[in-house]
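Order of the sequence lines sets the chain letters (A, B, ...), proteins ahead of strands, with each chain counted from 1.
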Amino acid sequence: MSRKTYRQAVSEALRHEMRRDLRVVIMGEDVSGGLGAPGEQDAWGGPQGVTKGLMPEFGRGRVLDTPISESAFIGAAAGAAATGLRPVAELMFVDFMGVCFDQIFNQAAKFRYMFGGRAVTPLVIRTQYGAGLRAASQHSQSLYPIFTHIPGLKVVLPSSAYEAKGLLIQAIRDDDPVVFFEHKALYDDEEEVPDEAYTIPFGEANLTREGSDATIVAFGRMVKFANQVADSLEQDGIGCTVIDPRTTSPLDSDAILDSVAETGRLVVVDEASPRCNMATDIAALVAEHAFGALKAPVRMITPPHTPVPFAPELEDAYIPSPARIEEAVRGVLAAKR
Amino acid sequence: MSAIQPITMPKWGLSMREGLVAQWNVAEGAVLRVGDEIAEIETTKITNVFESPVAGQLRRRIAKEGEAIPVQGLLAVVADAAVPEAEIDAFVLAYQAEFGTRAAAAAADEPQPELLTAGGRALRFLKLGEGDGTPAVFIHGFGGNLNSWLFNQPAVAAGRATYAFDLPGHGGSTKAVGAGDLGALAGALADFLGACAIERAHLVGHSLGGAIALALALGEPARVASLTLIGSAGLGPDINMGYIESFIAANRRKEMKAALSELFADPALVSTEMVNDVLKYKRIDGVEAALRAIAGSAFAGGRQAAVLTARLGELAAPAQCIWGTADRIVPVEHAAHLPASITVHRLAGAGHMVHMERAGDVNKLIDAFAGA
Amino acid sequence: MQLSRDQLLRAYRDMATIRAFEERVHVEFAAGVLPGFVHLYAGEEASAVGVCMNLGDGDVIASTHRGHGHCIAKGCDVKAMMKELYGSVEGLCRGKGGSMHIADLSRGMLGANGIVGGGPPLICGAALSAKVMKTGGVAVAFVGDGGSNQGTTLESFNLARVWELPAVFVIEDNGYAESTASSWAVGGDQLKRAEGFGLPARRVDGHDFFDVHDAAGEAITRARSGGGPSLLHVVLDRYYSHFEGDAGTYRGPGEVDRLRAEKDCLKRFRKRVIESALLGKDQVDTIDREVAALIETSVREARTAAKPSAADVLTDVYLSY
């Protein structure tokens, strides 16, 4: 056990599984880097350096740099998964799903169903998402609700370093296709992470804070913000339960409904665009199954329905902030019904 | 005795950062003796009774009920009745002013668990205290770890070194357990003592850890100064196999919470953090296999494989048993068949985790026994 | 490449089975008893069989929406295929895939594909599996002339070259992408496109089993021996329209009749093997009778095969969820 960054946690998970299982290969643009170039080999290790060091240990046969050609290599990962490998493909930014989505949602996600249960597709797609690095509209989106919508895919949103390592190992050992969303603003966050390999089951929410006054459901980086808000409200005697669902598909509905049954108040924090996102999904879940428990209208804290802007002032206004979350919790507590 | 003494938030376990004063059990003006139960303190792991570390008149309750106070933060002030109010005000102000520095310094030299290699195995342990007294070594039970002793180890660490270690297959130790039977685990204990250069120790064992301590005391009597066996295995055939199996199988929060609630007389003591800590351990590669191996050897066929009652007469070291009467894992009835040389303390209403549920009482018994 | 008598018998049986299967599906569909969309392969048999005769169970193919022929040529069970088309739970995909997604991974058949150009990237993956796990396997993507214009196909040419994959791309050019002529829709030349990506490429007459078999054998041997990917441009014709129900008004007057009379790959094969005394006429006729009986039995069984229950909607989405 030692303190590790989110980046190290992801890297360790890959290393553990590549050592454990020869069928695990990684592929993507610049996952090693420098291939065919006159300078340094293993120059990049991906844009975040997550996969640096894997090529020297496992060789070019299992750490596969690709051309900038997402349709081909994401599809190749799907085909390889259906024929015996356990590929981990890196889609550098989830925004690039636009050039390869067919291979994910029409092919990998549906093999098992279309083939009558006679296919196994142990594919992991790792991808960066989220705003905060001034990367603007085509490199900052939180597109996980689109993947959550697709039957056959599992969707994972690790909110911290410990979560990232255990969930990625679970994803690699899982026999279904998994899309693993890494928030680009979390890579330097640190916490205690075991040195050994471990797994965190999918569909099991994590209750990061417990309190009986309000429930905050948050995803990915927003869990960090929700925890900050819960800690700050505790100083005022307001107790919040913070639920990190960890996976949006499968979703631990019971954890959310049980908590709302206790608190009667719900704030959902979702970095995805506001229409048909996880916030609306969970608000609908609670409206359908826990309407009687609600003491106040559900509040959804999301960005506005706009692309992610560039200028720091604009992006800061765009991203859900701890201040907005706190205001929403105070709002649901003040509501009379 | 100095004129004014602070009572501060205790630190129970490595991860405790703050505690909540759930309830004061004494009023301002009360005259306290050391060990009086003065408050109930709730942590994210467990709620426990806090015993006064000092004697004197309780002049000021600083923490309010329901208030969260950081570790080492001021809870109350004890002073002689003659000390004027103004001096107490000044003491409180001064304490609070330098609290940040004090807490940071305390955090910096907080003892941390260490790793050593004993008999080729990596074992994690926590050492607290120093002195000439015979060392005490704590051995946790099936599925536990050194943190099981968070309320006990510090309480007996005055004047002696105390060690709590993780058995093979547990906590931060190797997940390789070999045969996983009592002999293998007692061998790990012997190797641990050797690696720490402990010639002779008071052994405090809980549950399976009790049987391990007992096995070492019978096998290598010269190394054991005394035995405190808490809710111990090895003293009868029965074991709650439903608990053992559900503990091994559980990998989700609700299942684990249900399993752990069997350990305590009051299931409310099982906090989310306790459940999360156990789950974090259980998720590590190799743990499930290690637990299955140990359970398969130690509790084969749902019975305790090693019942050592018939050999208790051979014991060279003095031994005592502590048992919660509401123990749902290893039944207190096993204590009825022990030789008269072994004192049995039955704590009414406590469960299997009697050393956590009734830490104050258990600590007094350990301290008295090991001090004698 | 010299083919043994047994291989010739198998080639004829597979082509005849595809033809009989498709002719019968045409009739069954017209009778309104088959659900969904159906795209028939009749006329193109020499391509599927000429390629797949060079493959074993350890090799993988990806097909197109016009996939029945590839299935049969790769050894899928014909009765289970017919049951699948009828939407039976006893079908090859338990009634979940239908004609457009028919597959059998145990036979190395990675699926027909409802997405034009869906297969080539998948086949890069299957070839990668073979390469990493050193199975000696080869992966083949069948693509139509329509699919040859998809970015997925062109990207796959590049990836297969860059990764040096044991892959073969077979462009089955039947002259029409749906209702649009490939002479209009394909810019440039298929062989030159492939050569631009560094792939050895050969154009073959898709009405001639022997031509296809020879060219495919060369490409597959190259792939299997570490020589990397190749492309075959197979020029052929389909007898039916894009899908069953398409009136085919874009085709010229008498076009299909002429093709059936002059360019039937089955007739050519019969003529050649009988005239050169490689096979006897009675041997070929026996196969025709056996194939007819098999298709008859397949249809009879498929008509009464068990249908899925509503609860089956929920199964086979995930292994665990």
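The residue among Leu154(C), Leu319(C), Thr135(C) with the most heavy atom pairs within less than 4.5 Å of chain A is Leu319(C). Listed options Ser69(A), Ala108(A), Ala77(A), Pro67(A) were ranked by heavy-atom pairs under 4.5 angstrom with chain C; first place goes to Ser69(A). Contacts with chain C were tallied for Val25(A), Leu64(A), Leu22(A); Leu64(A) has the most, counting heavy-atom pairs under 4.5 Å. Ranked by heavy-atom pairs shorter than 4.5 Å toward chain A, the options Gly97(C), Ser129(C), Gly151(C) are led by Ser129(C). Your options are Pro120(C), Gly95(C), Gly118(C), Gly108(C), and the one with the most heavy-atom pairs under 4.5 Å with chain A is Gly118(C). Top candidate by heavy-atom pairs under 4.5 Å with chain A, chosen from Val89(C), Thr152(C), Leu105(C), is Leu105(C).
Gln190(C) and Ser148(C) are linked by a side-chain donor-acceptor pair at a separation below 3.5 angstrom, with hydrogens and angles left out of the test.
Minimum interatomic distance between Ala194(C) and Ala201(C) (heavy atoms only, all atoms of both residues): CB-CB, 3.8 Å. Taking each heavy atom of Pro87(A) and Met27(A) in turn, the nearest pair found is CB-CE, 4.2 Å.
The structure places NZ of Lys165(A) at 10.0 Å from OG of Ser11(A), a figure rounded to the nearest 0.5 Å.
Here the two rings, on His139(A) and Phe96(A), have centers that are under 6.0 Å apart. For Tyr41(C) and His68(C), the distance between ring centers is not under 6.0 angstrom. Taking the six-membered ring wherever Trp is involved, the centroid distance between the rings of His101(C) and His65(C) does not fall below 6.0 Å. Aromatic rings from Phe147(A) and Phe181(A) are positioned such that their centres are separated by under 6.0 Å. Proximity of the aromatic rings of Phe169(C) and Phe197(C) is defined here by a centroid distance below 6.0 angstrom, and this criterion is not met.
At a 4.5 Å heavy-atom cutoff, the contact between Val60(C) and chain A is made by side-chain atoms alone. At a 4.5 Å heavy-atom cutoff, Ile123(C) makes no contact with chain A through either its backbone or its side chain. Residue Ile74(A): no heavy atom, backbone or side chain, is found under 4.5 Å from chain C. In this structure, no portion of Lys110(A) lies under 4.5 Å from any heavy atom of chain C. For Ile150(A), the part lying under 4.5 angstrom from a heavy atom of chain C is the backbone only. With a 4.5 Å cut-off on non-hydrogen atoms, Ser249(A) touches chain C through its backbone and its side chain both. Both the backbone and the side chain of Phe73(A) come within contact range of chain C, each with at least one heavy atom under 4.5 Å from a heavy atom of that chain. Contact of Asp175(A) with chain C is made through backbone and side chain together, with heavy-atom distances under 4.5 Å. No part of Thr153(C) comes within reach of chain A, as not one of its non-hydrogen atoms sits under 4.5 angstrom from that chain. With a 4.5 Å cut-off on non-hydrogen atoms, Asp104(C) does not touch chain A at all.
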Inset, instruction - Report the C-alpha distance between Glu28(C) and Arg303(C) in whole Å, list the side-chain angles of each, state the deciding distance to 0.1 Å, and finish with yes or no for salt bridge (Lys or Arg N to Asp or Glu O under 4.0 Å). - result: CA-CA 10 Å; Glu28(C) 294 295 303; Arg303(C) 282 177 180 165; 3.0 Å; yes
